[in-house]
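Order of the sequence lines sets the chain letters (A, B, ...), proteins ahead of strands, with each chain counted from 1.
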Amino acid sequence: MDEQTRLMHSHTGVGMAGHPGLPQHMQEGTGGTDGDGRKQDIGDILQQIMTITDQSLDEAQARKHALNCHRMKPALFNVLCEIKEKTVLSIRGTQEDEPPDPQLMRLDNMLLAEGVSGPEKGGGSAAAAAAAAASGGAGPDNSAEHSDYRTKLTQIRQIYHTELEKYEQACNEFTTHVMNLLREQSRTRPISPKEIERMVNIIHRKFSSIQMQLKQSTCEAVMILRSRFLDARRKRRNFNKQATEILNEYFYSHLSNPYPSEEAKEELAKKCAITVAQVSNWFGNKRIRYKKNIGKFQEEANMYAARTAVNAANASSHGSQANSPSTPNSAGGYPSPCYQSDRRIQ
DNA sequence: ATCCATGATTTATA
DNA sequence: TATAAATCATGGAT
């Protein structure tokens, strides 16, 4: 804002500060009898112009009107034009084309990618898809989180859009205000359309920098939201009971060699509705934690051993051998040296 | 508020 | 490259 004001003042300054030469100029030119009166007259007007900022609006308006109606006004205007011609050179050189700010582009791209600045619902689903991808395709129990995420994202998007609209409106209002002001002033002092355009550009730049701040904070909010909801590590979810049982069952029934093959991992992943990587993680954690404190897991081990034993018994009593759990082990085979030859497909 | 369980990540190792 | 081991960070119980 201050840039505009400054510039406007400097314009005013150019117009006004150039004046002091004027009376002299006039004085020289007019040697006649009514010259003194005219000089006095113009001196008054100039004095009024110089002090116009100290006056109330109505007063100023009246003075302006008086000035515009004054018979010397065209001459004054011409002089202002001349003065400006001599002093305005510096403005011309400034560049007009503004290269797109890379940071702004980055923010725009991100907002678009997150579905904040894009179309209303399409962006949301894209973000949801990204969410699903980011969360490692973990099971069905996070759909609630996704909807939660979506509502939060929608909130952000709404805030973003209302703010953006507000800025847009404010920018337009301010621009038209300034343009009106300049047009009004152009009756009294020379203002080229190009200067108005420049001013409009300055305003727009200022407002777009405000918009950039909005975009930046929106991006931040989205990032926080993402990390809160979608970073799998932060949003650790225990596997459901069934999955844990399946994994434990496998672990304790293969205690002597709890290293599921790739195929077995895939099978387990499918059964537990988790990824193969999660199966690997689980076995990695389980092995090391079991080894570190066998005592703590003794009860669990016994339980699963008993369960598999029952399963085996049931299976054999039903005469079906095809599905029986393969070579269940008694607890304690891992990590102590294992002499059983329980070789699975590796 | 604190502690423990647990899934994920990182680093080291063979 | 798979695994071991250490570590992180959260969920959930207390």
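The stretch residues 264-284 of chain A participates, sequence neighbours left out, in no salt bridge (Lys or Arg N to Asp or Glu O under 4.0 Å) pair at all.
Between the CZ atom of F283(A) and the C1' atom of dT1(C) there is a distance of 19 Å, rounded to whole Å. Between N240(A) atom CG and dG12(C) atom P there is a gap of 13 Å when expressed in whole angstrom units. The NZ-C1' distance, from K292(A) to dA5(C), rounds to 7 Å in whole Å. Taking atom NZ of residue K291(A) and atom P of nucleotide dT3(C), one finds them 14 Å apart after rounding to whole Å. When rounded to the nearest whole Å, the span between CG of N285(A) and C1' of dA9(C) equals 13 Å. Between the P atom of dT13(B) and the CZ atom of R287(A) lies a distance of 19 Å, rounded to the nearest Å.
The closest donor-acceptor contact from the side chain of Q278(A) to the backbone of T275(A) lies under 3.5 Å.
Within the 4.5 Å cutoff, no side-chain heavy atoms of I191(A) are placed close to those of M199(A). Contact annotation: the side chain of Y290(A) approaches that of L255(A) to within less than 4.5 Å [non-hydrogen atoms, C-beta and beyond].
Y250(A) pairs with exactly one of F283(A), W282(A), Y259(A) by the ring-ring contact (aromatic ring centres under 6.0 Å, His included) rule, that one being F283(A).
Smallest separation of non-hydrogen atoms from T188(A) and F77(A): O-CD1, 3.3 Å.
Under the rule for a side-chain hydrogen bond (donor to acceptor under 3.5 Å, both in side chains), the partners of S192(A) that lie at least two apart in sequence or sit in another chain are E195(A). In this structure H70(A) satisfies the side-chain hydrogen bond (donor to acceptor under 3.5 Å, both in side chains) test together with D41(A), sequence neighbours excluded. For T51(A), the side-chain contact (heavy atoms from CB on, under 4.5 Å) test picks out Q47(A), D54(A), Q55(A), with sequence neighbours left out.
Using a 4.0 Å cut-off, no side-chain N or O of Q278(A) falls inside it from OP1 or OP2 of dG7(B). Look at N281(A) and you won't find any side-chain N or O under 4.0 angstrom from OP1 or OP2 of dG7(B).
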Polar-atom pairs under 3.5 Å, protein N or O versus N or O of nucleotides 2-6 of chain B: list them with distances, or write none.
from, atom 1, to, atom 2, distance (Å)
dT6(B), O2, R236(A), NE, 3.0
dT6(B), O2, R236(A), NH1, 3.4
dT6(B), O2, R236(A), NH2, 3.4

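Stretches of at least 3 consecutive Watson-Crick or G-U wobble pairs, with each checked distance under 3.5 Å, appear in DNA chain B as B:1-14 with C:1-14.
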